[in-house]
K.L.:
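Here's a structure for you.
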Amino acid sequence: MVGAVQFGVLAACVVLFVPMILAGWHLSRNKVLFFSGALFITLAVGVHLTPYFPSITNLISSLSSTVVLDNRTSCLSFLHEIVWDVKPIKVSMDKLDSLNFDKSWSWSKSTPVITCGFQKLGRKDASDLLNGSWIVVAGDSQARLVVVSLLNLVLDPVKMESIQGDLFKRHSNYATIIEEIGVKLDFIWAPYTENLTTYLMELKHDRRYPDVLVMGSGLWHMLHVTDSLDYGLSLGSVKKSLLSFVSIYSEIETPGSATGSFSARSPHMFWLGTPTLINSMLNTGEKREKMNEVIQASYEKKLYESKLLRQSGGPLVLLDIKSLTHNCGAKCTVDGMHYDTAVYEAAIHVMLNELLIESQQRL
């Protein structure tokens, strides 16, 4: 093997250098031609000799892989660059509402987004990605709508129709197992941050650890407590419970949970942001008074100060529902708070693409 490599190197040298030395003697009479020839010789030598030195090849491959990984990681910051196409489909005589518009979305055509190659996953690809996973979504009605969109993606219409009654029972939990792909999905009704803290403590106590955890809270606190300082303190409790939960999560394999695309040692966790609240469309005077733009901004400030989110050093990736709903606009909601299914569908695809990036997969 060593002899073959040495012979290859010698042959490459003879083929390259003998003609080039002769050519160089003639080119030396013209400096421009000489330096052009020298550059060509250097590049040719590199191309021909690199395969005979595995360490060089490995170094180049390693650097290339690092660049690709860095580029994929940076793609996380572009996931919410979504544009909407909202077209009227009929005009009502009295007013326009969200049922009068057809909504579609796509990622923007900016250079970074195109480079990242985000994908709208179909049922098969989404099922392959989530295969064998335990997914928990905890929160209020916004979280329930996220669950609806996820099920719409992975279930056929007939099956989806059969579960509508159970799925939309107000203020209740919902659980299902999608046997075809081995996915366990739990929705936990948790309208207050205290409910999230309690649920995290229960998971830790029972030593049960989902593969994907999506949670969020804020609207109920904003309406019924209306105290951003108290909200900030309650987020601190969520963070403390979450970090305790994660520390044990990373130490053991999950007994009895489904195993599939995601390792129990690699939790994928998301915070479901609150939507854009269109004050004039809120359906009660109390909501219009207590859920105004100023109060919502104070709640968002406490969320960022809590350092729960990845962008502020925390463990949770933000699903920015406010950005998605703001871009879709008033034509995508009937009550100024709950939005059309297309919005939550977009949120699901943001989450799935984040999972692809984090797990370094490509479908």
Side-chain angles (χ1 to χ4, degrees), residues 80 136-147 170-173 187-205 213-246 269-326 328 330 333-339 343-344 347:
H80 289 88
V136 171
V137 182
D140 54 24
S141 56
Q142 298 291 319
R144 191 186 297 273
L145 290 170
V146 167
V147 170
R170 296 186 67 209
H171 306 170
S172 63
N173 295 343
F187 168 71
I188 306 299
W189 173 247
Y192 292 102
T193 44
E194 289 82 358
N195 302 132
L196 298 177
T197 299
T198 299
Y199 181 67
L200 289 171
M201 294 174 64
E202 290 174 359
L203 287 177
K204 179 183 174 182
H205 178 268
L213 175 62
V214 182
M215 59 182 183
S217 175
L219 293 178
W220 276 57
H221 195 286
M222 197 182 304
L223 178 61
H224 298 293
V225 181
T226 324
D227 185 341
S228 60
L229 179 59
D230 180 79
Y231 180 67
L233 293 174
S234 67
L235 288 174
S237 298
V238 172
K239 182 181 179 182
K240 182 178 179 181
S241 298
L242 185 64
L243 293 178
S244 175
F245 164 79
V246 171
M269 301 185 296
F270 301 85
W271 180 265
L272 189 64
T274 55
T276 297
L277 298 175
I278 302 177
N279 193 265
S280 62
M281 298 181 71
L282 297 178
N283 54 20
T284 69
E286 184 182 17
K287 289 179 181 178
R288 290 190 291 272
E289 176 188 353
K290 295 182 177 180
M291 306 179 83
N292 60 56
E293 187 175 341
V294 174
I295 293 176
Q296 185 177 22
S298 69
Y299 271 66
E300 290 171 352
K301 181 180 178 182
K302 292 302 178 182
L303 173 61
Y304 286 97
E305 289 177 351
S306 71
K307 299 189 183 302
L308 267 171
L309 302 180
R310 179 86 61 86
Q311 60 211 75
S312 57
L316 301 177
V317 174
L318 176 65
L319 292 179
D320 193 354
I321 300 298
K322 185 174 184 181
S323 170
L324 297 176
T325 52
H326 178 270
C328 196
T333 177
V334 293
D335 64 1
M337 180 186 301
H338 302 95
Y339 282 74
V343 169
Y344 305 99

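The first residue in the sequence is number 1, and the count goes up from there. Only this structure's heavy atoms are used, side chains among them; waters, hydrogens and symmetry mates stay out.
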K.L.:
Going by distance alone, is a donor N or O of one side chain under 3.5 Å from an acceptor N or O of the other, for Gln142 and Tyr339?
P.N.:
no

K.L.:
For His171, I'd like to know if atom NE2 has over 12 heavy atoms of other residues, nucleotides or ligands within 6.0 Å.
P.N.:
yes

K.L.:
Does any pair with a residue in residues 271-291 pass ring-ring contact (aromatic ring centres under 6.0 Å, His included), and if so which ones, sequence neighbours excluded?
P.N.:
none

K.L.:
With a 3.5 Å cut-off and no angle check, do the side chains of Thr274 and Lys322 form a donor-acceptor pair?
P.N.:
no

K.L.:
The criterion is ring pair (Phe, Tyr, Trp, His ring centres under 6.0 Å); which residues satisfy it with His221, sequence neighbours excluded?
P.N.:
Tyr231, Tyr299

K.L.:
Under 3.5 Å, is there a donor-acceptor pair between the side chain of Ser234 and the main chain of Thr193?
P.N.:
no

K.L.:
Should Asp230 and Val225 be marked as a side chain to side chain contact (heavy atoms under 4.5 Å, CB included) after you check the CA-CA gap, both sets of side-chain angles, and the distance that decides it?
P.N.:
CA-CA 8 Å; Asp230 180 79; Val225 181; 4.1 Å; yes

K.L.:
Could you walk me through whether Lys302 and Leu233 pass the side chain to side chain contact (heavy atoms under 4.5 Å, CB included) check?
P.N.:
CA-CA 9 Å; Lys302 292 302 178 182; Leu233 293 174; over 6 Å; no

K.L.:
With rounding to the nearest 0.5 Å, note down the distance linking CG in Leu223 to CD in Glu286.
P.N.:
4.5 Å

K.L.:
Distance only, no hydrogens: is a donor on one side chain within 3.5 Å (strictly under) of an acceptor on the other, for His338 and Thr333?
P.N.:
no

K.L.:
Give a yes or no answer on whether the side chain of Ser298 reaches the backbone of Ile295 with a donor-acceptor pair at less than 3.5 Å.
P.N.:
yes

K.L.:
Report the distance from atom OG of Ser312 to atom CG of Leu318, rounding to the nearest 0.5 Å.
P.N.:
9.5 Å

K.L.:
Start with the C-alpha gap between Ser172 and Arg144, add the side-chain angles, then the distance that decides, and say whether side chain to side chain contact (heavy atoms under 4.5 Å, CB included) holds.
P.N.:
CA-CA 10 Å; Ser172 63; Arg144 191 186 297 273; 4.2 Å; yes

K.L.:
Can you tell me if Arg288 uses its side chain to pair, donor with acceptor, with the backbone of Leu282 under 3.5 Å?
P.N.:
yes

K.L.:
Taking Thr226 for the side chain and Met222 for the main chain, is one N or O donor matched with an acceptor at less than 3.5 Å?
P.N.:
yes

K.L.:
Do other residues, nucleotides or ligands put more than 12 heavy atoms under 6.0 Å from Glu305 CD?
P.N.:
yes

K.L.:
Under the rule for side chain to side chain contact (heavy atoms under 4.5 Å, CB included), what residues qualify as partners of His224, not counting sequence neighbours?
P.N.:
Tyr192, Trp220

